[in-house]
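Order of the sequence lines sets the chain letters (A, B, ...), proteins ahead of strands, with each chain counted from 1.
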Protein chains: 2
Amino acid sequence: MKNHRTTIHDIARELKIDSSTVSRALNNNSKVTAKTKAKVIAKAKELGYQRNLLASNLRQSKSNTIGVVVPRISRYFFSTVIAGIEESAFKTGFNVVICQSQESLEKEQAIIKNLISNRVDGVIISIAMETQNGEHLKQLKNNGIPLVFFDRFCPEVQESSQVLIDDQQAAYDAVNHLISQGCSKIVHFSGPQTLEIYKNRLRGYKLALLENNLPFKEELVINSPLMEANGYEETQKLLDAKIDFDGIFSANDIAAIGALKHLKEKGKRIPEDIAVIGFSNEPSSKVIEPPLSTIDQSAFEIGKNAYDLLIDNIKRGEKEVLHKTITLKSTLLARGSSLRKK
Amino acid sequence: MKNHRTTIHDIARELKIDSSTVSRALNNNSKVTAKTKAKVIAKAKELGYQRNLLASNLRQSKSNTIGVVVPRISRYFFSTVIAGIEESAFKTGFNVVICQSQESLEKEQAIIKNLISNRVDGVIISIAMETQNGEHLKQLKNNGIPLVFFDRFCPEVQESSQVLIDDQQAAYDAVNHLISQGCSKIVHFSGPQTLEIYKNRLRGYKLALLENNLPFKEELVINSPLMEANGYEETQKLLDAKIDFDGIFSANDIAAIGALKHLKEKGKRIPEDIAVIGFSNEPSSKVIEPPLSTIDQSAFEIGKNAYDLLIDNIKRGEKEVLHKTITLKSTLLARGSSLRKK
DNA sequence: GAAATCATTACAATCGATTGTGATAATATT
DNA sequence: AATATTATCACAATCGATTGTAATGATTTC
């Protein structure tokens, strides 16, 4: 009997009124007397009533919930974006379900399917490394569910909104910074070229070289999944191959930290022998010695903006969805790993 | 019209069969011919059908979903536990909704209420620092929703399951290790004494002192929310007050890192002047210089065990719920911040 | 060939909350 | 006082899927 959840019908029966009145009372509808409301609310508390959101959402065909999909929550950038989203959501009474794709397309597809089936009102996503086409994302549009990308977006999905930073510019700034510190042979650790962010960071890298009349060398660009082990091993390979370089621009901090560790083990002086700069401003970057220069993406702001964009489109209904791209500013944080001059 | 989601009734109408048959076909029920199933599945795909889980769950009064509540996902320990939970959940076809309380009781209450309203099948939780009583958690039991604690549990909630480590033992080991490295005046950074884990870590600290015939001094135990700033500032206060100490055992890594930073700034040699050990094995702990000694809690295993416990109780129904406490082993990682001897 | 058996499918109730409309009672208007 | 107007509440349909039972048709048995 423990399992019997009290419903509005239970309350109605005890109070000898109709369940519709109970429903209206609980929703503070003006068609119900204050006296009746009080009675209903008292009884509801007495019976430990908890609204069945499944039923409520089914009836209203909305869930008051948005889905957030990120590659992995253990990345500080992503968890900070989520914190930004949640702060706004909490204020406006929306619920947030957090999902991680683990960089896997298969999981991402399963997640999207599940979100649709659960009738979320909108989705905010940063796609997985494996994701190359957006078929599963188009499903969202087919179901009239607004979608907002942040950071890693999918250009194939037409008419979408996104919150980004200017990756090319940020990369350009990063590489320019290394050059200003005297680097001329700069390695670039990049990610899958299927993702726009990595393409753009590579473009920024090239542009900075070009503008400084430095040669672009194919062998200095290294693609990998950018895990710490990748940074470590690729650095090892570079050293083993006796490739001449004096700077590393890594498309994320994690790989940069891997590189740093290997360089230190090999007795390289940082930044004197090799200057290093990462991307994303992970907490570890402040902590490592020397502290890692990086790009701060104002993750919390990205979250808030993405949420606002999404809510705006949810409110609009599917009448006239607005498709905009918000570009937030990023900040170069020059720290010990690249600052050669006082 | 874009907003019209296809239902089993749409499929039924087009195929001129009943919706119940469609439902059974989609659920691969043996009462439906293979031929009919094929037709239904084809049509479902054609129309882009996605099962409405709200309706399905409402009817079956279960959601195939479990809720996970943690203080904050940006802590590596928690995101790793979640990864462990999700790995198992994915295999067994359960969905996981991740929620963060931000250490706030109010948020935690709102989350629990929402999970109940969404009729999750079970909940795994590590409670917020603010949480002192378990009224909101008892609501879960009242609704027949199984609950499993991990790490931070609530002793007030009787008859519950939990996955823990032996905090007292781990703390004892940590402090013993400091003593073995020659420390005799050891500071302890502790958290809110309302949480068992911090009480137990303090007990372990005391026990280690006692067994080594070292005096326990009240002023060397400092309670705080254990953020990085707390570690930094409390260390500053200790130094300013010229309190004599040669070791720090911090109840988490974050505060230990704050302490380490301040000590380094003040030119203290670590571990020679002051040896430091933290708790939880955050990624930053490996990266900081010197690397921070710490306790590894095998977070991933905790997640898997908590999930197994929960599923077991879900399967059981509310007949005869099993209440057990699983204690996993933790590992002392002695690193540069405390190792004085070769 | 009629009766019996079994496999398929249709019918209808159900999960719990919401909401348009109709009924009743209370108040206001003339 | 009789009618008009509200305020309050009850009735019943609905959201979409599931499921026990009844109905239909096909196949088998004697």
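As rounded to whole Å, 14 Å separates atom P of D:dC15 from atom CZ of B:Arg5. Summarising the geometry, the separation between NZ on A:Lys31 and P on C:dT19 is reported as 11 Å, rounded to the nearest angstrom. Atom C1' of nucleotide D:dT19 and atom NZ of B:Lys62 are separated by 13 Å, given to the nearest angstrom. For the pair B:Asn143 CG and C:dG16 C1', the interatomic distance rounds to 14 Å; values are reported in whole Å. The CG atom of A:Asp18 sits 16 Å away from the P atom of C:dG16 (whole-angstrom rounding). Between the CG atom of A:Leu15 and the C1' atom of D:dC9 there is a distance of 13 Å, given to the nearest Å. Atom NZ of B:Lys37 is separated from atom P of C:dT9 by 10 Å (rounded to the nearest Å). C:dT9 atom P lies 11 Å from atom CG of B:Asn29, rounded to whole Å.
Of the N and O atoms on the side chains of B:Asn142 and A:Arg5, not one donor lies less than 3.5 Å from an acceptor on the other residue. Counted by atom type alone, B:Ser160 and B:Gln162 present one or more donor-acceptor pairs between their side chains at under 3.5 Å. Counting only N and O atoms by type, the side chains of B:Asn57 and B:Lys62 include no donor and acceptor under 3.5 Å apart.
Residue B:Ile17 has its side chain nearest to C:dA10 when only D:dG16, C:dA10, D:dA10 are considered. The A:Thr33 side chain lies nearest to D:dC9 when the options are C:dG16, D:dC11, D:dC9. Looking at the side chain of A:Arg24, the nearest of the listed nucleotides D:dT18, D:dG16, C:dT19 is C:dT19. Taking only side-chain atoms of B:Asn27, from C-beta outward, the nucleotide of D:dA10, D:dT18, C:dC11 with the closest atom is D:dT18.
Among the protein residues, A:Val22 comes within range of no part of the nucleic acid, since none of its heavy atoms lies under 4.0 Å from any strand. When heavy atoms are screened at a 4.0 angstrom cut-off, A:Ser23 is found touching base atoms of the nucleic acid. Residue-level contact check: B:Lys35 touches neither bases nor backbone, having no heavy atom under 4.0 Å from any strand.
At a threshold of 4.5 Å between non-hydrogen side-chain atoms, the residues B:Ile82 and B:Val70 count as touching.
For A:Ser20 against D:dC11, a side-chain-to-base donor-acceptor contact under 3.5 Å is present. Judged by distance alone with a 3.5 Å cut-off, no donor-acceptor contact links the side chain of B:Arg13 to the base of D:dG16.
In summary, A:Asp312 and A:Arg316 engage in a salt bridge, as defined by a charged side-chain N under 4.0 Å from a carboxylate O.
For DNA chain D, the residues of residues 52-61 of chain A within the heavy-atom distance limit of 4.0 Å (strictly under) are A:Leu58, A:Arg59, sorted by number.
Cation-pi geometry between A:Lys43 and A:Tyr49 is not met at under 6.0 angstrom from the ring centre and within 45 degrees of the axis.
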Trace of the side-chain contact (heavy atoms from CB on, under 4.5 Å) decision for A:Phe149 with A:Ile127 = CA-CA 8 Å; A:Phe149 291 99; A:Ile127 62 177; 4.0 Å; yes
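Residue A:Ile41 holds its CD1 atom at 10.5 Å from OG1 of A:Thr36, rounded to the nearest 0.5 Å.
Within the 4.0 Å cut-off from OP1 or OP2 of D:dT18, at least one side-chain nitrogen or oxygen of B:Arg51 is found. For D:dC9, the OP1/OP2 oxygens have a side-chain nitrogen or oxygen of A:Thr36 closer than 4.0 Å.
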